[in-house]
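Here is the structure we will look at.
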Protein chains: 2
Amino acid sequence: MTTLTPAAAAARTGVSIDTLRYYEREGLIGPIRRSAGGRRAYTEDDVFWIGLVTCFREAGLGIADLRGFVAILRAEHPPQARVAFLRERRAALEQQVAALHRAMEVLDEKITYYS
Amino acid sequence: MTTLTPAAAAARTGVSIDTLRYYEREGLIGPIRRSAGGRRAYTEDDVFWIGLVTCFREAGLGIADLRGFVAILRAEHPPQARVAFLRERRAALEQQVAALHRAMEVLDEKITYYS
DNA sequence: TCTTGACCTGGAGCGCGCTCCAGATTCGAG
DNA sequence: CTCGAATCTGGAGCGCGCTCCAGGTCAAGA
């Protein structure tokens, strides 16, 4: 199977090598397979997963939230707990969208005023 | 004119006393008027402004961004610079909304999958 | 074989946004 | 006038999310 070096994985995902190692330490990704000499070899699945993590980070979720997400998707929890967790996170994101819209309304008002 | 003590202002705005002082030090609010003895006396205008700052903080703007906003609204910049700044901030918020929607789509997919 | 560069680990450092603390001062109730 | 609560200042401390560094290992080309 074709794998990626750390540098290549970083380039593909837009996440720095240091951050990839950090995410692995924190249990957000991996554990990443190693070559004979101990170097990391990222699979396509790893890259995909890193993309998910990045997506949630950009949406403002914290490292601890992401750890919860990992635990959920690894089926370490009963189904109803999974759905509950996911809905809760979704609600938090909706709150955040609402906050953004409030701020945008204020900006729009000021833009109108100064235009 | 009726003014508020620090404790009252904190209660009204939902921002801690320490944070109010911090915002003032950073130039995001105030300077707040003082009583003879040196205590802060928050006006209704101050409270309103603190509300604006809070609105933007909740939307994810940083302290430096807010400082820029303060400078703009205090008319320390030419009109076109004001509008440019405001539009730029607005665009950033839209980006953030887009990031949130992407994350919500992923969550929705997982929720569907696990339901 | 030698060199060069990518990678390894553990741990220190950093910027942000508060939050807390010590020690002094002021204010209002009794 | 006294006492306790609220506030003052300057500065230290903290949690987060990286980011950087030193000192050593591994791998591929000349």
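First the proteins, then the strands, lettered A, B, ... as listed; each starts at 1.
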Nucleotide N/O to protein N/O under 3.5 Å, stretch nucleotides 27-30 of chain C:
residue: C:dC27; atom: OP1; partner: B:G37; partner atom: N; Å: 3.1

Can you find a pair of side-chain heavy atoms, one from [X] and one from [Y], that are under 4.5 Å apart?
X: B:R87; Y: A:S115; result: yes
X: B:F69; Y: B:L86; result: yes
X: B:R39; Y: B:T5; result: no
X: A:R33; Y: A:R40; result: no
X: A:T13; Y: A:Y42; result: no

TODO: For side-chain contact (heavy atoms from CB on, under 4.5 Å), just list the numbers for B:E109 and B:T112, CA-CA rounded to whole Å, side-chain angles, deciding distance to a tenth of an Å, and then say yes or no.
DONE: CA-CA 5 Å; B:E109 185 204 321; B:T112 302; 5.8 Å; no
TODO: Would you please test B:W49 and B:D46 for side-chain contact (heavy atoms from CB on, under 4.5 Å) and show each step?
DONE: CA-CA 5 Å; B:W49 185 261; B:D46 290 331; 5.7 Å; no
Task: Partner residues of A:Y23 under the side-chain contact (heavy atoms from CB on, under 4.5 Å) criterion, sequence neighbours left out - done: A:V15, A:T19, A:L28, A:I29, A:V53, A:R57, A:I63
Acceptor/donor pairs from residues 92-101 of chain A side chains to any protein atom, 3.5 angstrom cut, sequence neighbours excluded:
residue: A:E94; atom: OE2; partner: A:R90; partner atom: NH1; Å: 2.2
residue: A:Q96; atom: NE2; partner: B:E58; partner atom: O; Å: 3.1
residue: A:H101; atom: ND1; partner: A:V97; partner atom: O; Å: 3.3

TODO: Please report the C-alpha distance between B:L107 and A:F85 in whole Å, then the side-chain angles of each, then the deciding distance to 0.1 Å, and finally whether the side-chain contact (heavy atoms from CB on, under 4.5 Å) criterion is met.
DONE: CA-CA 10 Å; B:L107 284 181; A:F85 176 86; over 6 Å; no
Task: Considering all heavy atoms, the nearest B:C55-A:R102 contact - done: SG-C, 3.9 Å
Open item on the list: Under 4.0 Å from a heavy atom of chain A: give me the 5'-most and 3'-most nucleotides of DNA chain D that qualify.
Closed with: D:dG17 to D:dA27
Task: Any residue of residues 45-63 of chain B with a heavy atom less than 4.0 Å from an atom of DNA chain D - done: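 Those residues: none at all.
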TODO: Output the residues of residues 14-30 of chain A in contact with DNA chain C, where contact means a heavy atom of the residue under 4.0 Å from an atom of the strand; sort by number or write none.
DONE: A:I17, A:R21
Task: ILVMFWY cluster, A:V47 and A:I17 together (side-chain gap under 4.5 Å) - done: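 Different clusters: A:V47 never reaches A:I17 through Ile, Leu, Val, Met, Phe, Trp or Tyr contacts under 4.5 Å.
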